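A short write-up of the structure that comes next.
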Amino acid sequence: MDRSSAGSPQVFKTIKEFRDWRRSVRGSLGFIATMGALHAGHLSLISRARELNDNLVVSIFVNPLQFGPKEDFGSYPRTFETDLELCRKLGVDTIFSPGTEEIYPDGKDHCTKVVPPPFLGEVLEGHFRPGFFTGVATVVSKLFEIIEPNMTIFGEKDYQQLLVVKRMVRDLNMPLLVEGGPTIRADDGLALSSRNAYLTEEQRKIAPMIHRILSDVIGQFKSEPNKLTALVEKGKQQFSKTASIDLQYLEVRDANTLEEVAAFDRKVVLLTAAKIGSVRLIDNLIATP
Ligand code: AMP
């Protein structure tokens with residue numbers, strides 16, 4: 001449905017205002033959590049949730065708890081007016097965009113935290129970004145508590161995050177459905193990310209190499225299903241030949257549990273993080289035998 005003529009979303013900045021609105025909602029409520037700087041990746045999740053629900057909330061909150069002390073919390077792109085217009089076009093009913101003090105009134109270091117199990121939260125991204133998934137799980141649980149959605153969609157682009165959220169919902173008996181949405185890419189394969197805005201023109205030309213290497217490696221899984229470790233090693237060598245990309249990890253894991261796998265005998269995910277200059281990018285591809 002074309003919703004471009006729909007009214008502007010209501011914007012709530014406080015939990016109280018949001019809850020007053022929530023009480024009036026009839027029918028199902030879908031929810032997409034974002035840090036703003038919306039791009040076509042976010043928009044695909046919003047459109048899907050719009051189709052599936054009677055009502056739709058998007059949150060825009062740059063969560064300080066998930067940024068490390070040397071990370072880009074201060075410089076993270078903030079484009080509220082553009083985000084609002086995009087949400088209007090997609091027929092979003094309500095935007096919840098609290099300030100930091102609303103979510104962490106006693107400061108982010110003085111709140112109760114939700115800690116994912118180490119096998120999900122401390123490997124891969126969690127190894128390179130200590131505390132990251134505790135920051136994510138804590139804010140997402142707070143948002144679920146405030147918004148009380150019936151369902152939510154998280155992007156497969158942040159694959160480990162999707163598993164962390166699904167696991168939290170299951171472990172804490174939260175009453176909502178969590179779905180994954182496919183990764184949206186630029187024409188040259190680069191996964192869309194708010195952080196792509198940090199890339200210089202030169203770096204932007206190099207960045208699609210990440211997806212190219214992932215595709216190369218995963219494309220060989222079917223023909224050599226017992227040689228996953230060797231194939232991933234070959235992928236790492238491809239990265240090392242590209243001097244301007246600094247690989248942090250390239251690993252193949254069970255797509256449901258993130259356990260290490262040696263053979264292509266189940267659904268797997270090939271995950272990577274790499275830095276181009278100071279810009280850190282993540283990506284992944286999923287494959288089923
Ligand atoms: P963020 O604003 O980066 O916290 O992302 C908000 C949501 O959008 C998360 O569920 C992300 O996984 C999802 N997302 C980000 N980039 C993409 C993309 N390229 N394709 C699909 N979903 C995405």
Side-chain angles (χ1 to χ4, degrees), residues 30-50 52 56-68 71-73 75-80 82-84 86-87 90 92 95-98 100 103 116 120 124-125 129 132-144 147 149 151-169 176-199 204 207-208 210-211 214-215 255 269 271-273 279-286:
F31 168 49
I32 303 298
T34 83
M35 299 206 297
L38 302 184
H39 51 65
H42 300 112
L43 302 186
S44 75
L45 305 182
I46 294 173
S47 303
R48 179 78 187 128
R50 180 68 280 179
L52 296 174
L56 179 58
V57 175
V58 169
S59 67
I60 298 179
F61 179 63
V62 184
N63 173 33
L65 197 59
Q66 70 190 67
F67 286 78
E71 293 183 352
D72 55 343
F73 175 70
S75 58
Y76 197 84
R78 289 161 170 92
T79 59
F80 187 78
T82 323
D83 295 347
L84 178 63
L86 291 166
C87 286
L90 294 181
V92 173
I95 294 177
F96 180 56
S97 78
T100 304
I103 298 297
L120 279 185
L124 303 163
E125 280 301 283
R129 303 183 71 187
F132 172 69
F133 287 115
T134 294
V136 168
T138 301
V139 79
V140 170
S141 72
K142 284 167 78 74
L143 290 169
F144 287 170
I147 291 168
M151 72 91 65
T152 186
I153 312 175
F154 278 72
E156 287 173 351
K157 155 76 171 38
D158 302 281
Y159 194 82
Q160 193 174 354
Q161 170 174 280
L162 170 63
L163 292 189
V164 163
V165 171
K166 281 188 166 168
R167 181 76 194 202
M168 175 183 79
V169 163
L176 77 158
L177 274 173
V178 183
E179 279 190 16
T183 301
I184 306 299
R185 300 178 180 281
D187 289 344
D188 58 15
L190 177 65
L192 297 188
S193 161
S194 307
R195 290 192 168 98
N196 293 351
Y198 300 148
L199 296 167
R204 176 63 188 78
I210 296 172
H211 174 250
L214 287 180
S215 304
V269 57
L271 305 121
T272 193
V279 187
R280 187 173 184 281
L281 301 174
I282 61 169
D283 201 352
N284 68 82
L285 285 176
I286 304 161

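Because the structure is predicted, anything quoted here is derived from the model rather than measured. Values below: all heavy atoms of this structure, side chains included; hydrogens, waters and symmetry mates excluded. In listed order, ligands and their atoms are each counted from 1.
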What's the separation between atom [atom1] in [X] and atom [atom2] in [Y], rounded to the nearest 0.5 Å?
| X | Y | atom1 | atom2 | value |
| --- | --- | --- | --- | --- |
| L90 | L56 | CG | CG | 8.5 Å |
| Q160 | I282 | CD | CD1 | 8.5 Å |
| L38 | L84 | CG | CG | 10.0 Å |

Tabulated below should be the N or O atoms of ligand 1 paired with protein N or O atoms at under 3.5 Å; can you produce that?
{"residue": "ligand 1", "atom": "2 (O)", "partner": "M35", "partner atom": "N", "Å": "2.9"}
{"residue": "ligand 1", "atom": "2 (O)", "partner": "H42", "partner atom": "NE2", "Å": "2.9"}
{"residue": "ligand 1", "atom": "5 (O)", "partner": "H42", "partner atom": "NE2", "Å": "3.4"}
{"residue": "ligand 1", "atom": "10 (O)", "partner": "G155", "partner atom": "N", "Å": "2.9"}
{"residue": "ligand 1", "atom": "12 (O)", "partner": "G155", "partner atom": "N", "Å": "3.2"}
{"residue": "ligand 1", "atom": "12 (O)", "partner": "G155", "partner atom": "O", "Å": "3.3"}
{"residue": "ligand 1", "atom": "12 (O)", "partner": "D158", "partner atom": "OD2", "Å": "2.6"}
{"residue": "ligand 1", "atom": "16 (N)", "partner": "L192", "partner atom": "O", "Å": "3.4"}
{"residue": "ligand 1", "atom": "19 (N)", "partner": "I184", "partner atom": "O", "Å": "2.9"}
{"residue": "ligand 1", "atom": "19 (N)", "partner": "L192", "partner atom": "O", "Å": "2.9"}
{"residue": "ligand 1", "atom": "20 (N)", "partner": "I184", "partner atom": "N", "Å": "2.9"}

Inset, instruction - Answer yes or no: is there a side-chain heavy-atom contact under 4.5 Å between L120 and F133? - result: no
Inset, instruction - Measure the shortest side-chain to side-chain distance between I153 and I32 over non-hydrogen atoms and say whether it is less than 4.5 angstrom. - result: yes
Inset, instruction - Only counting residues at least two apart or in another chain, list the ones meeting salt bridge (charged side-chain N to carboxylate O under 4.0 Å, His left out) with E156. - result: none
